[in-house]
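Taking it in order: structure first as C-alpha cells, then the write-up.
In what follows, chains carry the letters A, B, and so on, assigned in the order in which the sequence lines appear, proteins first and then strands, with residues in each chain numbered from 1.
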2 protein chains.
Amino acid sequence: MTGHTRSGRRPASIRDVADAAGVSYQTVSRVINGHPSVRPATRARVEAAVAALGFRRSATAHALASGRTRALTVLTSNTTHYGYAAALRGIEEAARAASFAVGIAVLESEEDEVVRDAVRRATDTGGGLIVIAYDRPGVRALQLLPDDAPVVAAVETPATTPPPGSPWVWTDDRAAAHRMTRHLLDLGHHTVHYLAIPSTTDSTGTGTGDGAQRAAGWRDALREAGRPIPEPRPAGWEPADGYAAGQRLARDPEVTAVLCGNDALALGVLRALREAGRDVPRDISVAGFDDAPHSAYLTPALTTVRLDFTGLGRATFALLHGLLEAGEPVTPHPVAQPELIIRESTGPAPRPPR
Amino acid sequence: MTGHTRSGRRPASIRDVADAAGVSYQTVSRVINGHPSVRPATRARVEAAVAALGFRRSATAHALASGRTRALTVLTSNTTHYGYAAALRGIEEAARAASFAVGIAVLESEEDEVVRDAVRRATDTGGGLIVIAYDRPGVRALQLLPDDAPVVAAVETPATTPPPGSPWVWTDDRAAAHRMTRHLLDLGHHTVHYLAIPSTTDSTGTGTGDGAQRAAGWRDALREAGRPIPEPRPAGWEPADGYAAGQRLARDPEVTAVLCGNDALALGVLRALREAGRDVPRDISVAGFDDAPHSAYLTPALTTVRLDFTGLGRATFALLHGLLEAGEPVTPHPVAQPELIIRESTGPAPRPPR
DNA sequence: CTGAAAGCGCTTACAG
DNA sequence: CTGAAAGCGCTTACAG
C-alpha cells in the first residue's frame, strides 16, 4: 500500500526497471536523474515501470558511485536544551525541503577522545557537516575537523570580524546584551550584574568568539553610561546553576538588576530570589536570554532576548547546501536580529540611582 | 593532525592499505573485520599500514557490499518538546555506544502525504527505524511503514496487551495517572478534573493505545473511589493551550484539583489561575505529567509524574539492535516505572469533601 | 537519443 | 592462513 515491494522481496533495482521498460539500465539512470536527452516516449515508459515496481534509487549505491551524498550530520551537545533543539529543528526543516538526510552526533563532553570520536562518526557518513558551536565541545569539534571537510557552524558572536572563509553564522548577542542592559539602566538601576554561561574560549584561547560577547555587550553598556562594572558571576547552563547563584545574589542588598546568560539560569534565579523573600521585579529585576517556550508563562513572566535559533539553523543549512552543490564559498555573517521581549520580571529600580 | 589524509587527497582505500602492507586487499578486509584466521604477523603489518595511512572503512561501500548498515533513523514529531528530545537523547546515547549512526526525520503533520514522505526518507537510508509514536503523526508513520521494515516504536501505554511481535515499548502512564489521582483524592479533594493532551486514536480507531491511558488511569481512580467523573477537557500540547483551559477552569468554583496531561499544559494553567486570582495550591491543586527540567523551579514547584524518556529511548534502541544483529524477535513491554514527584502545586482541598 | 564498459570501495563465497 | 573472482546498485565518460 505504500508502493513498496511486497514483504520479503528484494527491492527493485535499476535493472529490474530497465527490463520492465525494455530499455538499458543506463537509460533508466538518465530518466531518474532528469537527464534531458531521453525521448519523451521512452521516458514515459521508464516512468511507468518505476511506478509499477515501486522503484526507489539506492541512496548508498548512488553515494558510492557518484561520490556525492545528499546528507549532512549535525555535531551538537545535548539537544535537550532549547537553543540546540530549535537549531536542529531549523536544520532539519531546511534539509527536508532540499531532500537531504540529516544525521546527528552528540558531543558528550569536551574531552579530546570524545570529540574526536564524534568527528569521526560524523565524517564517516560522507556528507556535509553542521556544528553547533555554542559551547566548548562544539568549538573543539570545529578545531578537530579535517581542513577539507565541508562544514558550516553556528557560533557565538565573534569578538572581531572573522577571517573571510570562516564558515560561521551567528546572532548578534553582543548588541542584544547591550540593549537589554540599557533597558535596565533606563529603568533607573544604578548598575546591572551579569550571570555568565560558560565561555567557549578554552585554555589556549582558541574559541570562535571571545567566549563572552553577551558579557561584552553588557559591559559596553555599563561603561558608556559611566556605571560601575561588577565582576561577572560565572554559572552553568541549568536552572540549578541559576538557583545557586540566585541564593548568593539574594544576600547582596546592592544588586537590584541581573542579566542572566540564558533563560534557564534566570528561572533558577527567580526561584532562589522568591525563596529568599525578595520580590521580582519590585526588589530586583531579572532578565534572561533565549526566550525559551516556558518563559512567557512564568510568574513573573520573564523579560528576555528572543533569539531565532530556528532561523539560525536554516541559515546554516542554506550555506552548507550552497557549498556542497555549487561550491559557493561560505561567508561568515550574522543572521536574524535578536529582539528584546519586555515582560514582567524587569521594572523600576527600588530606589533612585545614587 | 587528526590522522586523516591531508587536504585534497583521496582517502586511503583498502587497496592502498594492502599495497602498503604487502598483502592482498581481502586480507585487509579480514583484519578490519576482526576475522580470526589471519597470522598475527600479517595482522600487525596491516594494522600498522591502517594507522600510517589513517585508513577508515567507507561506510557506504560497506553498506552496499554487505547489505547491512549500522544506522538507524528516528521518525518523530517536533523534537523541541521535552519528551521527544529526551527520548532522542536516549536513543543517540545507546546508538553511539554501539557505533550506530543516527538519522532523524521529523513528521511535520499527520497528513498522509507528509507522513509517507518521511517514511520514504527514513527507509531510504537502509538501516533500522525507531518511531516515537506518542502522537497521531507517529502512529500514522507506524501504519504506513512497509511490513518488513525493521522497526521499534515508543508508544503510549496500550489499552490492552498488544499482540506478540508488536515492536512496542512504553511507560505505564495509566498506573501513574491512577496514583496521582489517588494522591489528590487523599488530599481531600472531592474529585479531580483532567486536562487531556490530544489522543493518538485516529478516526479509524487504529492508534497504538486507546489514545487516553492517562485519562483511563485517572478515571479508574475516580470510579474506584466512587467519585463523580467530570468530562475530560481537551487541550493541546503547549503552554498556550493550558493557559486557555486554565482561564475556563478558573471560572468554575467547583474545581479544586486538576491533573494535566503534561507539564507544559500545567505551566499554562498555573499562569491563568494566578491571573484569575486563584491561589495554587490553596484554592486549586495542579499536577502535571513528564517532569520537564523547569518544573521543579516554578513557583509553586510543580507536582508531577516523572517519566524516564531517556531510558525509554535506550530501551527502544536495545530492542532494535537485537532485532538487527541477532534477528531477535521484539517483544512489547513497558519500561521504567513512572515516579510521583510531589512538590508544591498540590495541597489539601480548600474545604472538606461534601 | 541510447547502449556497452569500467569503476566507486567494499564483502562474500570459492579456491588453494 | 591467504589470494583471485564476482558482485552490491548505481554513475561516469565513451561510443555510436
Does B:Thr27 place a side-chain N or O at less than 4.0 Å from the phosphate oxygens OP1/OP2 of D:dG3? yes
Quick one: does B:Arg89's side chain have a donor or acceptor within less than 3.5 Å of a partner on B:Thr310's backbone? no
Do side-chain atoms of B:His35 reach the backbone of B:Asn33 as a donor and acceptor pair under 3.5 angstrom? no
Validation row: A:Phe317, A:Val102 side chains within 4.5 angstrom (heavy atoms): no
From the list C:dG3, D:dC10, C:dC10, which nucleotide is the closest neighbour of the side chain of A:Arg15? D:dC10
Output the rounded distance in Å from OH (B:Tyr25) to C1' (D:dT2). 13 Å
Atom CZ of B:Arg57 and atom C1' of C:dT11 are separated, to the nearest Å, by 9 Å
According to the Watson-Crick and G-U wobble definition with distances under 3.5 Å, which dot-bracket string, read 5' to 3', encodes DNA chain D, using [ ] for crossing pairs and | for pairs with another strand? |||.||||||||.|||
Whole-Å distance, B:Asp19 CG to C:dG9 P, equals 13 Å
Rounding to an integer number of Å, can you tell me how far A:Arg30 CZ sits from C:dG3 C1'? 7 Å
From CG of A:Leu64 across to C1' of D:dG7 the rounded distance in Å is 12 Å
Atom-pair distance (CD1 on A:Ile14; P on D:dT11), nearest Å: 5 Å
Think B:Ser24 has a side-chain N or O under 4.0 angstrom from the OP1 or OP2 of D:dG3? yes
If we only count heavy atoms from C-beta on, is the A:Val131 to A:Leu145 side-chain gap below 4.5 Å? yes
So does B:Arg68 get a side-chain nitrogen or oxygen closer than 4.0 Å to the phosphate oxygens (OP1/OP2) of C:dT12? yes
Can you find a heavy atom in the side chain of B:Ile104 that is under 4.5 Å from one in the side chain of B:Thr76? yes
Over how many whole Å does the gap from A:Asp124 atom CG to C:dG9 atom C1' extend? 13 Å
Please give me every residue in residues 31-39 of chain B whose heavy atoms get under 4.0 Å of an atom in DNA chain C, ordered by residue number. B:Asn33
Minimum-distance nucleotide to B:Ala61 side chain [options: C:dT11, C:dC10, D:dG3]: C:dC10
Decide yes or no for B:Val74 and B:Leu88: does some side-chain heavy atom of the first lie under 4.5 Å from some side-chain heavy atom of the second? yes
Evaluate the side-chain proximity of B:Ile91 to B:Thr316: yes if any heavy-atom separation is below 4.5 Å, no if none is. yes
Name the closest nucleotide to the A:Thr42 side chain, picking from D:dG3, C:dT2, D:dC10. C:dT2
Side-chain (A:Arg68) to main-chain (A:Leu324) donor-acceptor, under 3.5 angstrom: no
Okay, side chain of A:Arg314, backbone of A:Gly90: is any donor-acceptor separation there less than 3.5 Å? no
Can you see if the side chain of B:Ser29 gets near the phosphate of C:dT11 - specifically, an N or O under 4.0 Å from OP1 or OP2? yes
